[in-house]
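Here is the structure we will look at.
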Amino acid sequence: MPKIGDMALQARGFERWAEIADGLDDPELATFMRGISGDLMAEKVLSAIFGNSPFLTQLCLFDPAFVRRLLTDGPDATFPAVLAELEAETAPQTDMAELMKSLRLAKRRVALLAAMADITGAWPLENVTGALADFAEAATRQALRFLLRREAAKGDLVLPHPEDPEKGSGVLILGMGKFGARELNYSSDIDIIVFYDHEKMEYRGRKTLGECMIAATKDLVKILDERTAQGYVFRTDLRLRPDPGSTPVAISLAAAEIYYEGFGQNWERAAMIKARQVAGDAETGAYFLKFLKPFIWRKSLDFAAIQDIHSIKRQINAHKGGRSIAVAGHNVKLGRGGIREIEFFAQTQQLIWGGRVPEVRCCRTLDAIRALAAMGQVEEKAVEELDEAYRFLRQLEHRLQMVDDKQTQTLPDNPQRLAEIAAFSGFQSVDDFAAALVKRLQTVEGHYARLFEDSPSLASSGNLVFTGGENDPETVATIAAMGFAGADTVCATIRGWHHGRIRATRSTRARELLTELTPSLLQALAATSNPDDAFLRLDEFLSRLPAGVPVFSLFYSNPSLLELVAELMGNAPKLAEHLARHTTQLDAVVAPSFFEPPLPADKLVEDLDKALNEAGDIQEVLDVSRRWAADHKFQVGVQTLRNMLEADRAARAFSDIADAVLTSLCPKVEDELARANGRVEGGQWVILAMGKMGGHEMTATSDMDLILIYDCPDPATESVGGRPMAASAWFARLTQRIVNALTAKTAEGTLYEVDMRLRPSGNSGPIATSLVSFDRYQQESAWTWEHMALTRARVVCGSPELAAKVSAIIHRTLTAPRDTDTLVADVADMRERMAREHKAANRWEVKHLRGGLVDIEFTAQWLQLHHGAGHPDILACNTRDVLERACAAGLISRGDHDSLVEAWRLWSAVQLVLRQTLAGAFDEATAPQGLKEVMARATGLIDFKTLVDRMDDCAKAAHEVFERLVGTPGKAARERMGESDKNVT
């Protein structure tokens, strides 16, 4: 049984339970409810629910009569009765709204039943997931029967058996994934594919049969998926159908047969392992599943198919142990050692052996592993350990989802929330829970990694001859076989290298080293997503080398360095470009410290100060600072590419680099100005970072949003020394010189782009702002959007005394009381204007995407301005910190916090990778596969498809929260304010 995660939540649950009992007209039910405290087991069950799950609590309070029935009769008797009652109620139904209501009320009962059976241990995992799948099947069947009867009633469709609409209908619905395997998790969606046999169906409508079936399928999804006042039945996904981007939602069997015979992919074969008919014509279903067997289960796998399966495996980062697993924030499904790895462990081997050994063609994951063990492919110990780990992880997955009925598998990274999940899972402490979880994750990870041990090598055999005046045909064939599309060009270029056409290969020793390196070099490039592009970048890199022996010797003695360079060339064009311009960077890469965690901010400042103090004139200072920043950005970029840094840690590292640049460079610029124009006696200045820099959320290409604020005893005073200047002019000159020092293009490039438009009055205001003006502007003239921007402001460098004054002004501004309607209307209006001006072309524009970074940042900024007066502790520069504090203060619900933080983490990781790897927009269709893999790894997900699905889900959830908290209230406030204006008039 679970422990109590939140005692206050438990107490409120029992209070509401008692209030409902007091208001009932049914004395028998009221007596039962009041008597719970005398029934030890019943009280323990409700305590576990009330103390851990707001969602289950609501289900109990909504239907206490069903709670009594369930506690009295038990789940074994109650579940079939619920299904029977549902069928009796929906079979004669002719009104879609009433059908939807009946299905949703039944779903509530099944959700509560399955949760109680799971929580109390009355049912093993198979019964829990099986019951959820059986109800999903019953709901899908009732929806389909209703639609078939409706079409028949209109005269559009002739049903061979009106009393049994599905029989002989020619319509087939396949359940896929966990639905097909009867392994649905607690808040799972259902994957289905709708097929129809046009030769079997008698259609008499005015439209085509295809149009009729498409419309019916959309209504089927509406019946199951649409949220009404009663909730929803199941989120329904149709994307596992053939070529979902270009095919209708309902597919004819004839078209499906053509597709699977000629175009079906290996990943679709893996998906079809779990396919099961869940509704429709049994005869058509049996025929089609029989047709699919040769597609799924091949008697003898051709070499390309085996390679494809192994390539799928290589896309997933498998570890053989030795690395720690962080519990907080871990995804128990998609993360390391998670449920997906157990499923893939079974599926991959099923594809290989299922064609010859029918016994392994099992839908359920654990059944498949046992069948593989029976044929000698899996050790008995592995079966026992994977079985136990799978049950543990699935039960934990259910606990995560039962809290708020959210389709999540991610553990909270908030300590209190994590402690509550540990308690809900039956553990006395977080440490006990973490130890038990990590043990299972590492066990799974170890078994899963062994799948990779026998993967075919990517090394190629064949000729690699680069002598003579023409390309060797067998060498060209060998290179082509490795995966290079332009094998002739590759061969000719390498011959050019061997002929000394670049400086790096003009020595005999360099060419000897190159001869030994070439096979490894080609294999490393071939392993990238686009070998030809990677090769072209490598050619550019080698062409810039003044000499080849040092670099080739590095490659020869450090094979991992060669792999890294190939990875950069193939998957990260911007990092590759940096390496091509700074070939000496390779020396740093081989140093052990390169792959150590980035230095903290104070150590970075020490390091840069040391480098700048050795510089001569200001020009050398500028060059040194640029080399230093580029090297450190490169280090963070490589570590991110290698998935050694999580997105928020990398963003902090990029921000720390920027902070160090300002902290160390600005005093040098001030000294240079002082030599020409003296100093303002008693004058002080600070630089305020805004935007992503202020929030410690920078990427590799972020600019600096800055404001320079100064203070001096007498604004009319002049500087002392050199050519005197008025104080205001002196600080303006300092600001301009700092901007120039950051943006000027030298031989080492630029440091940062600088944006100072967030200063008071924007571009029309003075470039340097006095403390008095800054204070007055914030109190009297600033717009709401400027105060929103101020939530991310922080002092980076300058006078500590002035920094304290500026911080106090910011704090006073953000904690000032505000008119609620005006504030929410302003925030919502600004977001709508931004949405009109910056429409996201696709999901990868994660900043402006609805539900993207802007929506989340606006939500966090609104929270601070709205609640800052009463809850000043929520103020923070970093978006995630604000959301954490707002949740801890009870200003947003845990569910909203989780939706926003999960989306924020995902968008941050995607943006971080794209900004440091691509110069232009990301095109899903043409992007390198390796880059897709990098993004999937950086987001903690297994593959690119999972990432795409997760992005869509996160965007939808985050946008819903924004609209509910800000967008909709903002519109309502505008209307109220408009009515008020009319009344005044």
Side-chain angles (χ1 to χ4, degrees), residues 1-82 108-132 186 391-392 394-405 416-417 419-433 436:
M1 287 288 288
K3 312 300 178 187
I4 306 305
D6 188 330
M7 299 300 292
L9 202 62
Q10 178 201 30
R12 286 198 296 272
F14 277 113
E15 286 172 11
R16 287 286 296 125
W17 181 262
E19 289 170 5
I20 291 170
D22 290 341
L24 285 175
D25 295 330
D26 183 343
E28 188 179 341
L29 180 57
T31 300
F32 158 76
M33 294 180 71
R34 294 190 187 101
I36 283 292
S37 59
D39 185 333
L40 183 61
M41 188 60 191
E43 184 180 19
K44 197 170 184 181
V45 172
L46 289 186
S47 293
I49 289 174
F50 293 164
N52 291 291
S53 170
F55 171 67
L56 293 178
T57 300
Q58 288 303 313
L59 294 185
C60 290
L61 299 176
F62 174 79
D63 197 351
F66 184 71
V67 175
R68 176 180 59 175
R69 176 182 174 186
L70 185 53
L71 290 173
T72 303
D73 298 343
D76 289 317
T78 307
F79 179 64
V82 170
R108 288 184 181 184
R109 292 185 166 184
V110 171
L112 183 57
L113 183 152
M116 278 198 182
D118 193 0
I119 286 171
T120 60
W123 279 356
L125 176 66
E126 290 87 347
N127 292 40
V128 176
T129 60
L132 293 169
Y186 190 75
R391 294 177 187 279
F392 180 92
R394 287 301 305 272
Q395 186 180 68
L396 174 56
E397 177 185 44
H398 289 175
R399 295 292 186 274
L400 288 167
Q401 295 175 347
M402 285 176 191
V403 175
D404 286 312
D405 189 32
Q416 178 58 36
R417 292 294 315 283
E420 291 168 4
I421 289 297
F424 199 13
S425 300
F427 288 87
Q428 294 287 355
S429 69
V430 172
D431 289 343
D432 291 345
F433 168 70

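Note that this is a predicted model, so its numbers are computed, not measured.
With Tyr186 contributing its side chain and Ala111 its backbone, the two residues share a donor-acceptor pair below 3.5 Å. Remark: the backbone N or O of Lys3 is paired with a side-chain donor or acceptor of Asn52 at under 3.5 angstrom. Using modelled atom types, one side-chain atom of Thr31 and one backbone atom of Pro27 make a donor-acceptor pair closer than 3.5 Å. Although no hydrogens or angles enter the test, the distance criterion places a donor-acceptor pair under 3.5 Å between the side chain of Ser53 and the main chain of Met402. Between the side chain of Trp123 and the main chain of Ala114, no donor-acceptor pair closer than 3.5 Å is present.
Gln58 CD to Asp404 CG: the interatomic distance, rounded to the nearest 0.5 Å, is 10.5 Å. Ile49 contributes atom CD1, which lies 8.5 Å from atom CG of Leu59 (distance to the nearest 0.5 angstrom). We find the CZ-CG distance between Arg34 and Leu29 to be 9.5 Å, quoted to the nearest 0.5 Å. How far CG of Leu46 is from CD1 of Ile36: 5.0 Å, rounded to the nearest 0.5 Å. Separating the CZ atom in Phe50 from the SG atom in Cys60 is a distance of 5.0 Å, to the nearest 0.5 Å. Rounded to the nearest 0.5 angstrom, His398 NE2 and Leu132 CG are separated by 6.5 Å.
With a 6.0 Å radius and a threshold of 12 heavy atoms from other residues, nucleotides or ligands, Met7 has its CE atom at or below the threshold.
Residues Gln395 and Asp118 have side chains in contact (heavy-atom distance under 4.5 Å, counting atoms from C-beta outward). Side-chain atoms of Arg12 and Arg16, non-hydrogen and from C-beta on, never get closer than 4.5 Å to each other. Taking 4.5 Å as the limit, every side-chain heavy atom of Val403 sits out of range of all side-chain heavy atoms of Phe55. A heavy-atom distance below 4.5 Å is not found between the side chains of Leu40 and Lys44. Contact check for Ile119 versus Phe424: side-chain heavy atoms found under the 4.5 Å cut-off. The shortest side-chain heavy-atom distance between Val82 and Phe66 falls under the 4.5 Å cut-off.
Across Pro75 and Leu113, no two heavy atoms sit closer than the pair CB-CD2, 4.0 Å. The two residues Thr57 and Gly13 come nearest to each other via the heavy atoms CG2-CA, 4.4 Å. Here the shortest heavy-atom pairing between Ile20 and Leu61 reads CD1-O, 3.5 Å. For the residue pair Leu396 and Ser425, the shortest heavy atom distance occurs at CD1-OG, 3.5 Å. Closest non-hydrogen pair, Phe32 versus Val67, comes out as CZ-C, 4.4 Å. Minimum heavy-atom separation, Gly51 to Gln10: CA-CB, 3.6 Å.
Each salt bridge (charged side-chain N to carboxylate O under 4.0 Å, His left out) pair with one or both residues in residues 48-77, not counting sequence neighbours, appears once here: Glu28-Arg68, Asp63-Arg109, Arg69-Glu85.
In this pair, Phe433 and Phe427 present their aromatic rings perpendicular. The plane angle is above 60°, beyond the 30 to 60° band.
Not counting sequence neighbours, Glu15 has no partner by the side chain to side chain donor-acceptor pair (under 3.5 Å) test.
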